[in-house]
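Per chain, numbering begins at 1; letters A, B, ... match sequence-line order.
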Number of protein chains: 2
Amino acid sequence: MRNKSVKMQLQCPLPKLDFDMITLGHGSGGILTNRLLDSGVFDLLKNEFLDERHDGSILQLSGKTAFTTDSFVISPIFFPGGDIGELAVNGTVNDLAMCGAIPRYLSLSFILEEGLPLSEFWEVLCSVKAAAAQAGVLIVTGDTKVVDRGKGDKIFINTTGLGEVHPQADIRANRVAPGDKVIVSGQIADHGIAIMSVREGLAFETTIESDTQPLHEMVAALLDNLGGSIHLLRDATRGGVATVLNEIAAQSGTGVELQQNRIPVDGQVSSACEILGLDPLYVANEGKFIAIVTATVAEKAVDILRGFAGAGEATIIGEVVEAHPRQVVMHSAIGGRRVVNMLPGEQLPRIC
Amino acid sequence: MRNKSVKMQLQCPLPKLDFDMITLGHGSGGILTNRLLDSGVFDLLKNEFLDERHDGSILQLSGKTAFTTDSFVISPIFFPGGDIGELAVNGTVNDLAMCGAIPRYLSLSFILEEGLPLSEFWEVLCSVKAAAAQAGVLIVTGDTKVVDRGKGDKIFINTTGLGEVHPQADIRANRVAPGDKVIVSGQIADHGIAIMSVREGLAFETTIESDTQPLHEMVAALLDNLGGSIHLLRDATRGGVATVLNEIAAQSGTGVELQQNRIPVDGQVSSACEILGLDPLYVANEGKFIAIVTATVAEKAVDILRGFAGAGEATIIGEVVEAHPRQVVMHSAIGGRRVVNMLPGEQLPRIC
């Protein structure tokens, strides 16, 4: 498990205000909205773009730009190892990274539920700031809406990101070819199990933490060193590794073979999965990705990844094959063989 | 009132599916999510970027790019003159236009409530497509989340947009100067009154429709013809014209004087405002904007705007002054004079 303390290094005192919870008026666009923003939001996230306070930001972009969006509805909003603010930044940073891009700019849009304690909003905002600073992205434009009590759930966040595509990146599903190796960047299933451990009705004792973290530096290192040999990248969030590999197989028209005994899972996470009757292959991650690479560079790619915190267990877990196109097949430790399908229903709602 | 029929021209039949409402599984990222997307969503919104089906899109951008985000939580999701899908596209298109940009690309992110009838989701999606086609923007990346029943409200939508800044645009609050004229692009308060007319507890008989419409063509025409003489643009959404003018006064450090008898309001809207005890200056618009322009081009700007549907009543409603900096003052028809403040509390929640 990681020892995360990004947020702790920030001076982030709650601003002094004459209200202690979010009201519908804070979404009016009028005085209360402005008071909320002026009370510290703009100061906290301060940068030359945001300071313009226009309806949008003007950026100077050139060349290939990656553009991606995600809404975050995770419950609870605070969980072991992170919170919705950190997740919202890292999630979009990671989607940009999976496009082979260096993350640059984010938009930030809140849907707040009436009655949300200001202290919780503030804590999430501080996490957003810390995560953005860690990932080296600027939050350049935003929006705040408030919905009536019972029509939302504390905080939903949308982040949409822009990144500069790495000059050596050529990441496309149709570059995946038989013979390629399948790499996972570290131990899987931490995030989903961490959330389950604090969900109503599921609470169990564990020190498992979410693996939420930015992945763009790992990706940049892969591209710097191995360039076009990196064929596809995909972070294994909702639906887990199994779902992502099925998507890759479907989109590339190839088959995927996995070696079960090579898939890295933390001992505690593995035990929790057994107790809950879950296959870790389907459990969500927020700081792990799948890389499909040319076989000759696979060991090198693993070495590069292992140099990063949070990727110490990066491993080649399988390969791309011509046989059984569009199907993922797993070889078990004892010689069995089974088809691994996409996540069929819903494992755990609102995991991100 | 406009006669809007964009959506009607679209062939948009509900896809044949084995489910008729949204379930939590549709947000799982697994089979059900894929089935929902494959059932017609990807077909409906089809373009070369979306077809890649990666975590993001790769765009070729260059030069000054406007970037803006908005989440839409309007209730009800269908209202006279539009729906949340059309609003979500036009709203972001208009924020790009207010930056002096030609809208190009949008991201589209849904937060759906469990139990939402598929037919309603589909209708909104068809509106998104029609509005995007009308505004000439491509939806290039997206996301779908589902929250449990009672933790959302049918559909929330985030759109985030990218636009190419017009070469003649130089739109900034600090270009607003005493002597400039204040133009409104048409009759105000239609949107807010249309929503109120169908809200629970407020329903009253009227044919008033929302003014939701894209504004970028009007803006492009102003910039093509008058370039740098256009100092600031701001659409008068939440908080209405009064709030926007207060923001402009505050950000530019100037004063604004308004002539009450010049402010264009439709007769029915005006009556509705009287009945409800509302000042139309505070009522939301979704297809009207304020332009602050050099005095010498003001008449010409009005002429240009009046050539567009939805801007037939464009009018010079006031001017920027040195006196009373940061304050908006209105001169009434009978010679009175009053300070117009920003919207103080909440007039009507979830207006956009």
Side-chain angles (χ1 to χ4, degrees), chain A residues 24-25 27-32 34 53-71 73 95-96 98-99 105 107 109 111 140-143 145-148 150-153 156 158 160 162 165 173 234-235 237-239 243 251 342-347 349-350, chain B residues 24-25 27-32 34 53-62 64-71 73 95-96 98-99 105 107-109 111 140-143 145-148 150-153 156 158 160 162 165 173 234-235 237-239 243 251 342-347 349-350:
Chain A
L24 285 169
S28 67
I31 286 181
L32 286 174
N34 276 274
R53 302 190 62 163
H54 197 32
D55 285 342
S57 267
I58 307 295
L59 309 171
Q60 194 73 42
L61 298 170
S62 63
K64 281 189 188 171
T65 303
F67 180 47
T68 185
T69 191
D70 250 327
S71 287
V73 298
D95 280 348
L96 292 172
M98 296 306 117
C99 296
Y105 303 108
S107 65
S109 178
I111 299 175
V140 294
T141 191
D143 182 45
K145 294 291 193 309
V146 181
V147 295
D148 22 336
K151 300 295 186 183
D153 194 10
F156 301 148
N158 177 281
T160 302
L162 291 170
V165 176
R234 200 63 68 93
D235 56 343
T237 56
R238 283 184 291 179
T243 298
Q251 286 171 33
M342 203 173 264
L343 178 66
E346 175 57 287
Q347 189 183 66
R350 300 178 58 189
Chain B
L24 285 169
S28 67
I31 287 181
L32 286 174
N34 276 274
R53 300 191 63 162
H54 197 31
D55 285 341
S57 267
I58 308 294
L59 309 171
Q60 194 73 43
L61 298 171
S62 62
K64 281 190 190 172
T65 303
F67 181 47
T68 186
T69 191
D70 251 327
S71 286
V73 299
D95 280 347
L96 292 171
M98 296 306 117
C99 297
Y105 303 108
S107 65
L108 177 68
S109 178
I111 299 175
V140 294
T141 191
D143 182 45
K145 295 291 191 311
V146 181
V147 295
D148 22 336
K151 300 293 185 185
D153 194 11
F156 300 149
N158 177 281
T160 302
L162 290 170
V165 176
R234 200 62 69 90
D235 55 343
T237 56
R238 285 186 288 179
T243 298
Q251 286 171 34
M342 201 174 264
L343 178 65
E346 174 58 285
Q347 188 182 68
R350 300 177 59 190

Quick one: of A/Arg350, A/Met98, A/Arg53, who has the most non-hydrogen atom pairs under 4.5 Å with chain B?
A/Arg350

Under 4.5 Å from any heavy atom of chain B - which part of A/Ser107:
both

Where does A/Ala173 contact chain B at under 4.5 Å (heavy atoms): side chain, backbone, both or neither?
neither

Closest-packed option against chain B by number of heavy-atom pairs under 4.5 Å, given A/Thr69, A/Thr141, A/Val140, A/Thr243:
A/Thr69

Give the intermediate values and the outcome of side chain to side chain contact (heavy atoms under 4.5 Å, CB included) for residues A/Leu162 and B/Leu162.
CA-CA 10 Å; A/Leu162 291 170; B/Leu162 290 170; 3.7 Å; yes

Point-to-point distance, once rounded to the nearest 0.5 Å, from CG of A/Leu32 to CG of B/Leu343
8.5 Å

Measuring heavy-atom distances to chain A, does B/Val147 have an atom under 4.5 Å in its side chain, in its backbone, in both, or in neither?
both

Where does A/Val165 contact chain B at under 4.5 Å (heavy atoms): side chain, backbone, both or neither?
side chain

Check side-chain hydrogen bond (donor to acceptor under 3.5 Å, both in side chains) between B/Thr68 and all other residues, then give those that pass, not counting sequence neighbours.
none

Quick check on the interface: out of A/Gly142, A/Gly152, A/Ser62, who has the most heavy-atom pairs with chain B under 4.5 Å?
A/Gly152

Under 4.5 Å to a heavy atom of chain B? For A/Ile111 that would be side chain

Below 4.5 Å from any heavy atom of chain A, which atoms of B/Leu108 appear? Answer side chain, backbone, both or neither.
backbone

Chain A contacts, top residue of B/Thr237, B/Val146, B/Asn34 (heavy-atom pairs, under 4.5 Å):
B/Asn34

Is the backbone N or O of B/Gly56 less than 3.5 Å from a side-chain atom of A/Asp95, with the two atoms forming a donor-acceptor pair by type?
no

How many angstroms lie between atom CG of A/Asn158 and atom OG of B/Ser71, to the nearest 0.5 angstrom?
5.5 Å

Option in A/Gly27, A/Ser57, A/Gly25, A/Ser109 with maximal non-hydrogen atom pairs under 4.5 Å from chain B:
A/Ser57

For A/Asp235, is it the side chain, the backbone, both or neither that has a heavy atom under 4.5 Å from a heavy atom of chain B?
both

From B/Leu61 atom CG to A/Leu61 atom CG, the distance as rounded to the nearest 0.5 Å:
6.0 Å

For the pair B/Asp153 (side chain) and A/Lys151 (backbone), establish whether a donor and an acceptor sit closer than 3.5 Å, ignoring hydrogens and angles.
no

Would you name the heavy atoms of A/Phe67 and B/Thr160 that are closest together and state the gap between them?
CZ-O, 3.5 Å

Bottom line for A/Pro344: the part with an atom under 4.5 Å from chain B's heavy atoms is both

Checked A/Met342, A/Gln251, A/Arg238 vs chain B; the most non-hydrogen pairs under 4.5 Å come from A/Arg238

Sort out for me which of A/Asp143, A/Leu96, A/Val73, A/Leu24 touches chain B most, counting heavy-atom pairs under 4.5 Å.
A/Asp143

Indicate the atoms forming the closest heavy-atom contact of B/Ile58 with A/Ala66, along with that distance.
CD1-CB, 4.0 Å

All salt bridge (Lys or Arg N to Asp or Glu O under 4.0 Å) counterparts of B/Asp70, not counting sequence neighbours:
A/Lys145

Toward chain A, the part of B/Asp148 with a non-hydrogen atom under 4.5 Å:
both

Does any backbone or side-chain atom of A/Gln60 lie under 4.5 Å from a heavy atom of chain B? Answer side chain, backbone, both or neither.
both

